[in-house]
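Right, one structure below, let's go through it.
These values consider heavy atoms only, across backbone and side chains, with no hydrogens, waters or symmetry-generated copies. A note on names: the letters A, B, ... follow the listed sequences, proteins ahead of strands, and every chain is numbered from 1.
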2 protein chains.
Amino acid sequence: MPALKTESSYPIGKFADLVDLTAPTIRYYESQGLLKARRNDSGRRYFTEADIKWVKFLLHLKGTGMSINDLKQYVTWRAMGDETIPNRLALLENTQADFMKKYREVQHHLEILNDKINWYKQKETGKTDSQEPFADYLNRMGHEE
Amino acid sequence: MPALKTESSYPIGKFADLVDLTAPTIRYYESQGLLKARRNDSGRRYFTEADIKWVKFLLHLKGTGMSINDLKQYVTWRAMGDETIPNRLALLENTQADFMKKYREVQHHLEILNDKINWYKQKETGKTDSQEPFADYLNRMGHEE
DNA sequence: TTACAACTTAAAGTGGACTTTAAGTCAATA
DNA sequence: TATTGACTTAAAGTCCACTTTAAGTTGTAA
(Lines give C-alpha, C1' and ligand atoms only; values in the text may rest on other atoms or scores of the structure.)
Protein backbone atom coordinates (compact mmCIF):
# COMPACT_ATOMS: atom_id res chain seq x y z
CA MET A 1 0.00 0.00 0.00
CA PRO A 2 1.25 3.56 -0.81
CA ALA A 3 2.97 5.34 2.05
CA LEU A 4 1.44 8.53 3.42
CA LYS A 5 3.09 11.46 1.69
CA THR A 6 5.23 12.69 4.55
CA GLU A 7 5.91 16.45 4.88
CA SER A 8 9.30 17.21 3.33
CA SER A 9 11.94 18.90 5.45
CA TYR A 10 15.13 20.62 4.32
CA PRO A 11 18.50 21.33 5.92
CA ILE A 12 19.55 24.95 5.84
CA GLY A 13 21.57 24.74 2.63
CA LYS A 14 18.78 23.21 0.59
CA PHE A 15 16.30 25.57 2.14
CA ALA A 16 18.48 28.55 1.28
CA ASP A 17 18.61 27.40 -2.33
CA LEU A 18 14.85 27.01 -2.46
CA VAL A 19 14.22 30.57 -1.35
CA ASP A 20 17.21 32.04 -3.19
CA LEU A 21 19.14 33.15 -0.16
CA THR A 22 22.34 31.91 1.46
CA ALA A 23 22.56 29.82 4.63
CA PRO A 24 24.18 32.70 6.56
CA THR A 25 21.34 34.98 5.51
CA ILE A 26 18.80 32.47 6.80
CA ARG A 27 20.67 32.32 10.12
CA TYR A 28 20.77 36.10 10.17
CA TYR A 29 17.01 36.31 9.61
CA GLU A 30 16.46 33.80 12.38
CA SER A 31 18.70 35.82 14.69
CA GLN A 32 16.48 38.81 13.93
CA GLY A 33 13.37 36.86 14.82
CA LEU A 34 11.94 36.86 11.31
CA LEU A 35 11.63 33.08 11.31
CA LYS A 36 12.17 30.18 13.68
CA ALA A 37 13.81 26.94 12.64
CA ARG A 38 13.08 23.57 14.09
CA ARG A 39 16.08 21.46 15.16
CA ASN A 40 16.84 17.77 14.80
CA ASP A 41 18.43 15.60 17.51
CA SER A 42 21.95 16.82 16.77
CA GLY A 43 20.94 20.47 16.87
CA ARG A 44 20.79 21.10 13.15
CA ARG A 45 18.12 23.32 11.68
CA TYR A 46 15.50 21.96 9.36
CA PHE A 47 12.78 23.73 7.43
CA THR A 48 9.39 22.81 5.97
CA GLU A 49 7.19 23.85 3.06
CA ALA A 50 5.43 26.26 5.39
CA ASP A 51 8.77 27.94 6.09
CA ILE A 52 9.34 28.35 2.37
CA LYS A 53 6.00 30.11 1.98
CA TRP A 54 6.68 32.31 4.95
CA VAL A 55 10.13 33.40 3.76
CA LYS A 56 8.81 34.08 0.28
CA PHE A 57 6.11 36.25 1.73
CA LEU A 58 8.67 38.10 3.85
CA LEU A 59 10.75 38.68 0.73
CA HIS A 60 7.75 40.16 -1.04
CA LEU A 61 7.23 42.59 1.81
CA LYS A 62 10.94 43.34 1.86
CA GLY A 63 10.79 43.92 -1.88
CA THR A 64 8.24 46.67 -1.42
CA GLY A 65 10.71 48.59 0.74
CA MET A 66 10.16 47.27 4.25
CA SER A 67 13.37 47.18 6.31
CA ILE A 68 14.40 44.28 8.52
CA ASN A 69 13.14 46.38 11.42
CA ASP A 70 9.76 46.86 9.82
CA LEU A 71 9.54 43.13 9.25
CA LYS A 72 10.52 42.53 12.88
CA GLN A 73 7.70 44.77 14.01
CA TYR A 74 5.29 42.99 11.71
CA VAL A 75 6.36 39.59 13.01
CA THR A 76 6.07 40.74 16.61
CA TRP A 77 2.54 41.96 16.06
CA ARG A 78 1.64 38.78 14.22
CA ALA A 79 2.77 36.74 17.21
CA MET A 80 0.48 38.80 19.44
CA GLY A 81 -2.67 37.65 17.69
CA ASP A 82 -5.65 39.18 15.95
CA GLU A 83 -5.93 42.25 18.13
CA THR A 84 -2.85 43.66 16.37
CA ILE A 85 -4.41 43.42 12.91
CA PRO A 86 -5.06 47.17 12.83
CA ASN A 87 -1.38 47.80 13.62
CA ARG A 88 -0.25 45.44 10.90
CA LEU A 89 -2.69 46.92 8.42
CA ALA A 90 -1.43 50.42 9.20
CA LEU A 91 2.17 49.31 8.75
CA LEU A 92 1.40 47.72 5.40
CA GLU A 93 -0.58 50.74 4.26
CA ASN A 94 2.29 53.05 5.17
CA THR A 95 4.61 50.79 3.24
CA GLN A 96 2.23 50.96 0.31
CA ALA A 97 2.07 54.75 0.43
CA ASP A 98 5.86 55.09 0.63
CA PHE A 99 6.18 52.64 -2.20
CA MET A 100 3.81 54.55 -4.47
CA LYS A 101 5.66 57.78 -3.80
CA LYS A 102 9.00 56.27 -4.77
CA TYR A 103 7.38 54.51 -7.67
CA ARG A 104 6.21 57.77 -9.18
CA GLU A 105 9.59 59.40 -8.63
CA VAL A 106 11.42 56.55 -10.24
CA GLN A 107 9.08 56.66 -13.22
CA HIS A 108 10.11 60.24 -13.81
CA HIS A 109 13.78 59.30 -13.56
CA LEU A 110 13.15 56.59 -16.14
CA GLU A 111 11.54 59.07 -18.53
CA ILE A 112 14.64 61.23 -18.41
CA LEU A 113 16.88 58.21 -18.93
CA ASN A 114 14.81 57.12 -21.93
CA ASP A 115 14.94 60.61 -23.37
CA LYS A 116 18.69 60.70 -22.98
CA ILE A 117 19.05 57.34 -24.69
CA ASN A 118 16.92 58.53 -27.59
CA TRP A 119 18.87 61.74 -27.76
CA TYR A 120 22.14 59.81 -28.03
CA LYS A 121 20.69 57.52 -30.67
CA GLN A 122 19.59 60.52 -32.66
CA LYS A 123 23.00 62.08 -32.28
CA GLU A 124 24.72 58.87 -33.25
CA THR A 125 22.78 58.33 -36.45
CA GLY A 126 23.15 62.02 -37.23
CA LYS A 127 19.43 62.19 -37.97
CA THR A 128 18.92 65.63 -36.49
CA ASP A 129 20.59 68.86 -35.55
CA SER A 130 23.23 67.18 -33.46
CA GLN A 131 24.10 70.45 -31.76
CA GLU A 132 20.82 70.59 -29.88
CA PRO A 133 21.53 70.60 -26.13
CA PHE A 134 19.81 67.93 -24.10
CA ALA A 135 17.95 70.53 -22.06
CA ASP A 136 16.37 71.86 -25.26
CA TYR A 137 15.58 68.34 -26.33
CA LEU A 138 13.85 67.68 -23.01
CA ASN A 139 11.85 70.86 -23.42
CA ARG A 140 10.80 69.82 -26.88
CA MET A 141 9.77 66.44 -25.47
CA GLY A 142 7.73 68.11 -22.76
CA HIS A 143 9.77 66.78 -19.85
CA GLU A 144 11.48 68.30 -16.86
CA GLU A 145 10.09 71.12 -14.70
CA MET B 1 18.81 101.98 -18.02
CA PRO B 2 18.20 98.36 -16.94
CA ALA B 3 21.29 96.38 -16.03
CA LEU B 4 22.23 93.34 -18.04
CA LYS B 5 20.81 90.29 -16.30
CA THR B 6 24.03 88.81 -14.94
CA GLU B 7 24.31 85.02 -14.57
CA SER B 8 23.45 84.08 -11.00
CA SER B 9 25.99 82.21 -8.94
CA TYR B 10 25.43 80.41 -5.66
CA PRO B 11 27.62 79.49 -2.71
CA ILE B 12 27.59 75.82 -1.81
CA GLY B 13 24.86 76.04 0.83
CA LYS B 14 22.38 77.79 -1.44
CA PHE B 15 23.30 75.47 -4.27
CA ALA B 16 22.77 72.43 -2.08
CA ASP B 17 19.30 73.70 -1.18
CA LEU B 18 18.46 74.27 -4.83
CA VAL B 19 19.27 70.69 -5.80
CA ASP B 20 17.99 69.17 -2.54
CA LEU B 21 21.30 67.87 -1.30
CA THR B 22 23.56 68.92 1.56
CA ALA B 23 26.79 70.87 1.22
CA PRO B 24 28.88 67.86 2.31
CA THR B 25 27.20 65.75 -0.33
CA ILE B 26 28.07 68.32 -3.00
CA ARG B 27 31.70 68.27 -1.81
CA TYR B 28 31.61 64.48 -1.88
CA TYR B 29 30.30 64.46 -5.44
CA GLU B 30 32.99 66.90 -6.44
CA SER B 31 35.62 64.69 -4.77
CA GLN B 32 34.31 61.83 -6.90
CA GLY B 33 34.65 63.88 -10.04
CA LEU B 34 30.92 64.07 -10.73
CA LEU B 35 31.03 67.84 -10.92
CA LYS B 36 33.57 70.63 -10.76
CA ALA B 37 33.03 73.83 -8.84
CA ARG B 38 34.47 77.20 -9.72
CA ARG B 39 36.18 79.13 -6.91
CA ASN B 40 36.15 82.81 -5.95
CA ASP B 41 39.20 84.81 -4.83
CA SER B 42 39.14 83.44 -1.32
CA GLY B 43 38.86 79.85 -2.45
CA ARG B 44 35.15 79.36 -1.88
CA ARG B 45 33.10 77.34 -4.30
CA TYR B 46 30.37 78.87 -6.35
CA PHE B 47 27.88 77.29 -8.73
CA THR B 48 25.81 78.40 -11.69
CA GLU B 49 22.50 77.57 -13.29
CA ALA B 50 24.31 75.15 -15.57
CA ASP B 51 25.58 73.28 -12.49
CA ILE B 52 22.04 73.00 -11.22
CA LYS B 53 20.92 71.42 -14.47
CA TRP B 54 23.87 69.06 -14.46
CA VAL B 55 23.34 67.86 -10.90
CA LYS B 56 19.64 67.37 -11.51
CA PHE B 57 20.42 65.26 -14.51
CA LEU B 58 22.92 63.23 -12.50
CA LEU B 59 20.26 62.68 -9.86
CA HIS B 60 17.86 61.40 -12.49
CA LEU B 61 20.45 58.89 -13.64
CA LYS B 62 21.18 57.98 -10.04
CA GLY B 63 17.47 57.54 -9.46
CA THR B 64 17.30 54.88 -12.14
CA GLY B 65 19.81 52.79 -10.23
CA MET B 66 23.20 54.00 -11.40
CA SER B 67 25.86 53.88 -8.67
CA ILE B 68 28.36 56.65 -8.02
CA ASN B 69 30.85 54.49 -9.90
CA ASP B 70 28.59 54.22 -12.92
CA LEU B 71 28.16 57.97 -12.89
CA LYS B 72 31.92 58.40 -12.62
CA GLN B 73 32.38 56.24 -15.69
CA TYR B 74 29.73 58.20 -17.52
CA VAL B 75 31.36 61.50 -16.62
CA THR B 76 34.78 60.23 -17.65
CA TRP B 77 33.49 59.17 -21.03
CA ARG B 78 31.66 62.46 -21.46
CA ALA B 79 34.90 64.32 -20.87
CA MET B 80 36.54 62.29 -23.63
CA GLY B 81 34.25 63.65 -26.32
CA ASP B 82 31.91 62.31 -28.95
CA GLU B 83 33.85 59.16 -29.76
CA THR B 84 32.65 57.70 -26.45
CA ILE B 85 28.99 58.15 -27.27
CA PRO B 86 28.60 54.43 -28.03
CA ASN B 87 30.07 53.63 -24.60
CA ARG B 88 27.74 56.02 -22.87
CA LEU B 89 24.78 54.75 -24.81
CA ALA B 90 25.62 51.16 -23.87
CA LEU B 91 25.95 52.14 -20.20
CA LEU B 92 22.58 53.88 -20.24
CA GLU B 93 20.94 51.00 -22.06
CA ASN B 94 22.29 48.53 -19.51
CA THR B 95 20.96 50.76 -16.78
CA GLN B 96 17.63 50.81 -18.53
CA ALA B 97 17.54 47.02 -18.84
CA ASP B 98 18.46 46.51 -15.18
CA PHE B 99 15.87 49.04 -14.22
CA MET B 100 13.10 47.32 -16.16
CA LYS B 101 13.98 43.99 -14.60
CA LYS B 102 13.76 45.39 -11.07
CA TYR B 103 10.67 47.33 -12.01
CA ARG B 104 8.82 44.18 -12.96
CA GLU B 105 9.97 42.39 -9.83
CA VAL B 106 8.89 45.20 -7.62
CA GLN B 107 5.50 45.30 -9.31
CA HIS B 108 4.97 41.70 -8.32
CA HIS B 109 5.98 42.47 -4.74
CA LEU B 110 3.45 45.29 -4.75
CA GLU B 111 0.69 42.98 -5.92
CA ILE B 112 1.32 40.68 -3.00
CA LEU B 113 1.38 43.62 -0.60
CA ASN B 114 -1.91 44.89 -1.99
CA ASP B 115 -3.45 41.46 -1.71
CA LYS B 116 -2.35 41.17 1.90
CA ILE B 117 -3.80 44.57 2.69
CA ASN B 118 -7.11 43.59 1.16
CA TRP B 119 -7.03 40.30 2.97
CA TYR B 120 -6.57 42.10 6.31
CA LYS B 121 -9.34 44.54 5.49
CA GLN B 122 -11.64 41.68 4.70
CA LYS B 123 -10.67 39.94 7.91
CA GLU B 124 -11.13 43.11 9.90
CA THR B 125 -14.62 43.84 8.66
CA GLY B 126 -15.49 40.18 9.03
CA LYS B 127 -16.92 40.21 5.53
CA THR B 128 -15.67 36.75 4.62
CA ASP B 129 -14.59 33.39 5.95
CA SER B 130 -11.97 34.87 8.22
CA GLN B 131 -10.29 31.51 8.60
CA GLU B 132 -9.11 31.47 4.99
CA PRO B 133 -5.30 31.31 4.94
CA PHE B 134 -3.53 33.98 2.96
CA ALA B 135 -2.04 31.37 0.60
CA ASP B 136 -5.55 30.25 -0.34
CA TYR B 137 -6.58 33.84 -0.77
CA LEU B 138 -3.64 34.45 -3.10
CA ASN B 139 -4.61 31.40 -5.09
CA ARG B 140 -8.15 32.60 -5.38
CA MET B 141 -6.81 35.97 -6.55
CA GLY B 142 -4.64 34.26 -9.14
CA HIS B 143 -1.33 35.41 -7.69
CA GLU B 144 1.91 33.72 -6.70
CA GLU B 145 3.67 30.99 -8.64
C1' DT C 1 34.04 95.50 16.21
C1' DT C 2 32.21 91.74 17.70
C1' DA C 3 29.77 87.91 17.01
C1' DC C 4 28.22 84.27 14.32
C1' DA C 5 26.88 81.85 10.28
C1' DA C 6 28.91 79.89 6.31
C1' DC C 7 32.65 78.37 4.39
C1' DT C 8 37.45 75.39 4.01
C1' DT C 9 40.10 70.62 4.52
C1' DA C 10 41.20 65.79 5.80
C1' DA C 11 39.88 62.07 8.13
C1' DA C 12 37.03 59.27 10.82
C1' DG C 13 32.34 57.53 11.68
C1' DT C 14 27.57 55.67 10.43
C1' DG C 15 23.66 52.44 9.03
C1' DG C 16 21.69 48.65 7.00
C1' DA C 17 21.94 44.20 5.49
C1' DC C 18 24.34 41.08 5.10
C1' DT C 19 29.14 38.24 4.51
C1' DT C 20 33.21 36.24 6.09
C1' DT C 21 36.17 34.11 9.37
C1' DA C 22 37.54 30.95 12.85
C1' DA C 23 37.18 27.00 15.30
C1' DG C 24 34.85 23.21 15.84
C1' DT C 25 30.97 19.09 15.24
C1' DC C 26 28.40 15.83 12.47
C1' DA C 27 27.01 12.80 8.43
C1' DA C 28 27.52 10.41 4.22
C1' DT C 29 30.35 8.12 0.94
C1' DA C 30 34.64 5.56 -0.96
C1' DT D 1 37.75 4.12 8.56
C1' DA D 2 39.09 8.22 6.60
C1' DT D 3 37.98 12.09 4.28
C1' DT D 4 35.07 15.56 2.77
C1' DG D 5 31.22 18.55 2.75
C1' DA D 6 27.53 20.48 5.44
C1' DC D 7 26.50 22.00 9.48
C1' DT D 8 27.21 24.77 14.36
C1' DT D 9 28.44 29.41 16.99
C1' DA D 10 30.16 34.15 17.96
C1' DA D 11 32.35 37.82 16.34
C1' DA D 12 34.53 40.61 13.08
C1' DG D 13 34.50 42.48 8.41
C1' DT D 14 32.45 44.59 4.08
C1' DC D 15 30.14 47.77 0.96
C1' DC D 16 28.03 51.96 -0.37
C1' DA D 17 26.91 56.54 -0.06
C1' DC D 18 27.10 59.56 2.55
C1' DT D 19 27.63 62.19 7.39
C1' DT D 20 30.09 63.91 11.14
C1' DT D 21 33.98 65.78 13.43
C1' DA D 22 37.78 68.80 14.18
C1' DA D 23 40.26 72.70 13.49
C1' DG D 24 40.54 76.59 11.17
C1' DT D 25 39.20 80.87 7.80
C1' DT D 26 36.02 84.31 5.79
C1' DG D 27 31.81 87.31 5.09
C1' DT D 28 28.05 89.93 6.90
C1' DA D 29 24.92 92.14 10.01
C1' DA D 30 24.12 94.68 14.44
Contacts of [X] that satisfy side-chain hydrogen bond (donor to acceptor under 3.5 Å, both in side chains) - sequence neighbours left out:
X	value
A:D115	A:H143
B:Y28	none
A:T25	A:T22

(request) Verify side chain to side chain contact (heavy atoms under 4.5 Å, CB included) between A:Y29 and A:L21, making sure each step is shown before the conclusion. (result) CA-CA 10 Å; A:Y29 282 1; A:L21 294 172; 3.9 Å; yes

(message) With the threshold set at under 4.0 Å for non-hydrogen atoms, list the residues of residues 14-30 of chain A touching DNA chain C in residue-number order.
(response) A:T22, A:P24, A:T25, A:Y28, A:Y29

(request) Output the residues of residues 66-75 of chain B in contact with DNA chain C, where contact means a heavy atom of the residue under 4.0 Å from an atom of the strand; sort by number or write none. (result)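 Listed by number, there are none.
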
(message) Once salt bridge (charged side-chain N to carboxylate O under 4.0 Å, His left out) is applied, do any residues pair with A:E105, and if so which ones, sequence neighbours excluded?
(response) A:K101

(request) Name all residues meeting the salt bridge (charged side-chain N to carboxylate O under 4.0 Å, His left out) criterion together with A:R45; count only those two or more places apart in sequence or in a different chain, and write none if there are none. (result)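 A:E30.
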
(request) Would you kindly check if the NZ (Lys) or CZ (Arg) of A:K53 is within the cone defined by 45 degrees around the ring axis of A:F57 and under 6.0 Å from the six-membered ring centre? (result) no

(request) Validate the cation-pi geometry between A:K102 and A:F99: distance from NZ or CZ to the six-membered ring centre under 6.0 Å, angle to the ring axis within 45°. (result)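 Ring-cation test returns no.
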
(message) Within the 4.5 Å heavy-atom criterion, are B:Q73 and B:T76 side-chain neighbours or not?
(response) yes

(message) Is the shortest side-chain heavy-atom distance between A:D51 and A:R38 below 4.5 Å?
(response) yes

(message) Looking at A:D70 and A:S67, would you say the former's side chain and the latter's main chain have a donor-acceptor pair under 3.5 Å?
(response) yes

(message) Taking B:L34's backbone N and O only, do any of them form a donor-acceptor pair with B:W54's side chain (distance below 3.5 Å, no angle check)?
(response) yes

(message) Any carboxylate oxygen within less than 4.0 angstrom of a Lys/Arg side-chain nitrogen, looking at B:E93 and A:K121?
(response) yes

(message) Reading DNA chain D in the 5' to 3' direction, which nucleotide is the first one with an atom under 4.0 Å from a heavy atom of chain B, and which is the last?
(response)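 For DNA chain D, the relevant span reads D:dA17 to D:dG27.
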
(request) Mind running a 4.0 Å heavy-atom check of residues 35-50 of chain A against DNA chain D and sending the residues that fall below it, in number order? (result)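 Going residue by residue through residues 35-50 of chain A, the ones with a heavy atom under 4.0 Å of DNA chain D turn out to be A:R39, A:G43, A:R44, A:R45.
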
(message) Going by ring-ring contact (aromatic ring centres under 6.0 Å, His included), name the residues that satisfy it together with A:Y74, two or more places apart in sequence or in a different chain.
(response)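 Applying ring-ring contact (aromatic ring centres under 6.0 Å, His included) to A:Y74 gives none.
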
(request) Apply side chain to side chain contact (heavy atoms under 4.5 Å, CB included) to B:A16 and list each qualifying residue two or more places apart in sequence or on a separate chain. (result)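 Side chain to side chain contact (heavy atoms under 4.5 Å, CB included) list for B:A16, sorted by chain: B:I26.
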
(request) Specify the angle, to 10°, made by the local axes at the two ends of the helix from C:dT1-D:dA30 to C:dA30-D:dT1 when five pairs are taken at each end. (result)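 Angle reported: 0°, given to the nearest ten degrees.
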
